[in-house]
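One structure is given here, and the rest of the page talks about it.
All figures in this text were calculated on a predicted structure; none of them were measured in a lab.
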There are 2 protein chains.
Amino acid sequence: MNTTSCEVKPSATERCGCYTISDLAKEFEVTPRALRLYEESGLLEPQRDGQKRIYSERDRVRLRLIIRGKRIGCSLAEVKELFDMYDSSPGESGQIKRLLEKLDERRQALELQRSELALSLADIEQIEQRALETLRELENKGH
Amino acid sequence: MNTTSCEVKPSATERCGCYTISDLAKEFEVTPRALRLYEESGLLEPQRDGQKRIYSERDRVRLRLIIRGKRIGCSLAEVKELFDMYDSSPGESGQIKRLLEKLDERRQALELQRSELALSLADIEQIEQRALETLRELENKGH
DNA sequence: CGCTTTCTTGACGTTAACGTAAGCGTAAGT
DNA sequence: ACTTACGCTTACGTTAACGTCAAGAAAGCG
């Protein structure tokens with residue numbers, strides 16, 4: 001039985017809010033390599049126990065943000081940009097406005113993507129229609 | 001005045017349906033390098049006048065298809081697959097069915113993309129809302 | 001003829017986000 | 001003590017779709 005219910009697995013050495021690299025990797029379905037890359041890219045700064053990385057709750061939150069960032073199509077560099085913005089002045093209206101601008105950029109990019117995607121689907125429909133037509137002709141002839 | 005109105009520019013040596021590499025590059029807004037790559041990838045097979053590439057009307061049509069393919073998110077390899085399918089048996093129902101399958105794959109991929117994109121936009125909205133809230137709080141405090 | 005442009009073929013460089021492996025240390029379990 | 005399991009760093013490999021030279025050929029022009 002777990003006396004120290006840290007997360008799912010008790011690291012036994014430490015208490016709550018502490019994750020090993022593979023803890024987080026499993027939870028977010030990424031590889032340890034990815035986490036190290038994020039660190040190298042300046043997106044995470046886990047503490048160390050000797051050589052071993054120890055991720056805090058804050059790191060975990062950041063990781064979640066990284067993944068969300070990626071999902072909305074940000075590169076790691078862009079995510080870092082957002083982090084830096086937020087870090088430099090967590091409560092300064094100028095920075096928040098910059099953040100809003102960035103978000104707007106992203107949204108525009110996504111909406112462009114969306115419209116192109118719609119075009120693509122239309123393209124596919126069209127090609128499909130032609131193919132179906134050809135197919136019908138063939139089956140009429142064969143019949 | 002142009003006696004041989006081939007395209008926009010008369011190559012003077014040849015008649016209609018003949019384009020140099022930069023003719024097509026300009027028309028479709030791609031670089032010559034890209035056209036050579038498409039050739040190397042087996043997507044185009046322009047004739048030669050000595051060393052120089054001469055693109056026919058058919059090549060031009062293909063290029064248009066390549067670009068459409070890329071727009072719907074196909075890799076060059078996938079475009080080639082489609083071309084090969086079509087070429088090998090332009091009127092065989094089996095091949096056309098394969099084509100339809102491929103198109104369906106593409107459509108599913110695109111629809112997945114679309115739903116993820118919707119999620120992303122939702123994400124952005126949410127982040128934006130929070131930022132706006134923070135901003136309001138700040139301005140209240142400052143006021 | 002010399003100059004300029006447009007073409008050619010290599011062939012290496014680029015970017016992003018990791019993958020993969022080597023070689024080694026450490027820690028836990030049996 | 002031995003064996004796994006996990007972690008570390010370093011560093012090269014991968015993929016796609018080109019970009020970017022370099023070096024040279026052919027062709028039109030004055």
Side-chain angles (χ1 to χ4, degrees), chain A residues 2 4 6-14 18-55 59 63 65-81 83 109, chain B residues 4 6-14 18-55 59 63 65-81 83 106 109:
Chain A
N2 277 338
T4 67
C6 178
E7 258 305 294
V8 182
K9 294 172 184 177
S11 196
T13 315
E14 296 288 341
C18 292
Y19 310 90
T20 75
I21 194 167
S22 49
D23 284 345
L24 283 191
K26 275 169 199 157
E27 181 178 352
F28 290 95
E29 297 184 294
V30 296
T31 64
R33 176 70 176 100
L35 293 183
R36 295 192 191 104
L37 176 69
Y38 298 158
E39 180 177 347
E40 200 181 341
S41 305
L43 297 177
L44 291 175
E45 288 180 290
Q47 293 176 303
R48 296 296 179 115
D49 168 22
Q51 272 200 318
K52 297 177 79 170
R53 274 163 253 253
I54 307 286
Y55 295 86
D59 292 318
L63 179 53
L65 288 174
I66 293 168
I67 289 169
R68 281 182 71 171
K70 283 171 58 69
R71 205 174 74 185
I72 70 174
C74 289
S75 66
L76 296 185
E78 286 171 316
V79 173
K80 178 168 167 51
E81 219 180 326
F83 279 2
Chain B
T4 67
C6 179
E7 256 307 292
V8 181
K9 292 173 184 177
S11 196
T13 317
E14 296 288 339
C18 294
Y19 309 89
T20 76
I21 195 166
S22 50
D23 284 346
L24 283 191
K26 275 170 199 158
E27 182 177 350
F28 291 94
E29 297 183 295
V30 295
T31 64
R33 175 69 176 100
L35 293 183
R36 295 192 190 104
L37 175 68
Y38 299 158
E39 180 176 348
E40 199 181 339
S41 307
L43 296 177
L44 290 175
E45 287 180 290
Q47 294 176 303
R48 298 295 180 113
D49 169 20
Q51 274 199 317
K52 298 176 78 168
R53 275 163 253 255
I54 307 287
Y55 295 85
D59 292 318
L63 179 54
L65 289 174
I66 293 169
I67 290 169
R68 279 182 71 172
K70 282 169 60 67
R71 206 175 72 185
I72 69 175
C74 289
S75 66
L76 296 184
E78 286 171 316
V79 173
K80 178 169 166 51
E81 220 180 324
F83 278 3
R106 258 299 114 205

Review point. Counting side-chain heavy atoms from C-beta on, which of D/dA17, D/dG19, C/dC18 comes nearest to B/Arg33?
Key: D/dG19

Study note, to complete from the structure: note: B/Glu40, atom CD; C/dT8, atom C1'; distance rounded to Å ~ 14 Å

Point to revise | 5'-most by nearest nucleotide on DNA chain C - A/Cys74 or B/Arg36 | key: B/Arg36

Exercise for review: Decide, yes or no, whether a salt bridge links B/Glu81 with B/Arg106 under the criterion of side-chain N to carboxylate O below 4.0 Å.
Suggested key: no

Point to revise | Separation of atom NZ in A/Lys70 from atom C1' in C/dA17, rounded to whole Å | key: 6 Å

Review point. Closest to the B/Thr20 side chain: D/dA17, D/dC6, C/dC7?
Key: C/dC7

Exercise for review: Round to the nearest Å and state the distance from A/Glu29 atom CD to C/dC18 atom P.
Suggested key: 14 Å

**Study point:** Min side-chain heavy-atom separation B/Tyr55-B/Glu39 under 4.5 Å
**Key:** yes

**Study point:** Touch class at under 4.0 angstrom, heavy-atom based, for A/Thr31 against every strand present
**Key:** sugar-phosphate

**Study point:** Minimum-distance nucleotide to A/Ile21 side chain [options: C/dT6, C/dC18, D/dG7]
**Key:** D/dG7

Check your understanding: Between atom CD in A/Glu78 and atom C1' in C/dA17, what is the gap in whole Å?
Key -> 14 Å

Check your understanding: Can you tell me how far C1' of D/dT10 sits from CD of A/Glu39, to the nearest Å?
Key -> 15 Å

Check your understanding: Tell me, do B/Leu63 and B/Ile67 make a side-chain contact under 4.5 Å, heavy atoms counted?
Key -> yes

Review point. Rounded to the Å, how far apart are B/Lys26 NZ and C/dC7 C1'?
Key: 12 Å

Point to revise | Gap separating the CG atom of A/Leu43 from the CG atom of A/Leu35, nearest 0.5 angstrom | key: 11.0 Å

Check your understanding: Are side-chain heavy atoms of A/Leu76 and A/Lys80 found at a separation under 4.5 Å?
Key -> no

Practice item. Would you kindly give the CG-to-P distance between A/Leu37 and C/dG19, to the nearest whole Å? Key: 9 Å

Exercise for review: With the side chain of B/Ser75 defined as its heavy atoms from C-beta on, choose the nearest nucleotide among C/dC18, D/dC18, D/dA17.
Suggested key: D/dA17

Review point. Roughly, in whole Å, what's the span from CZ in B/Arg48 to P in C/dT6?
Key: 19 Å

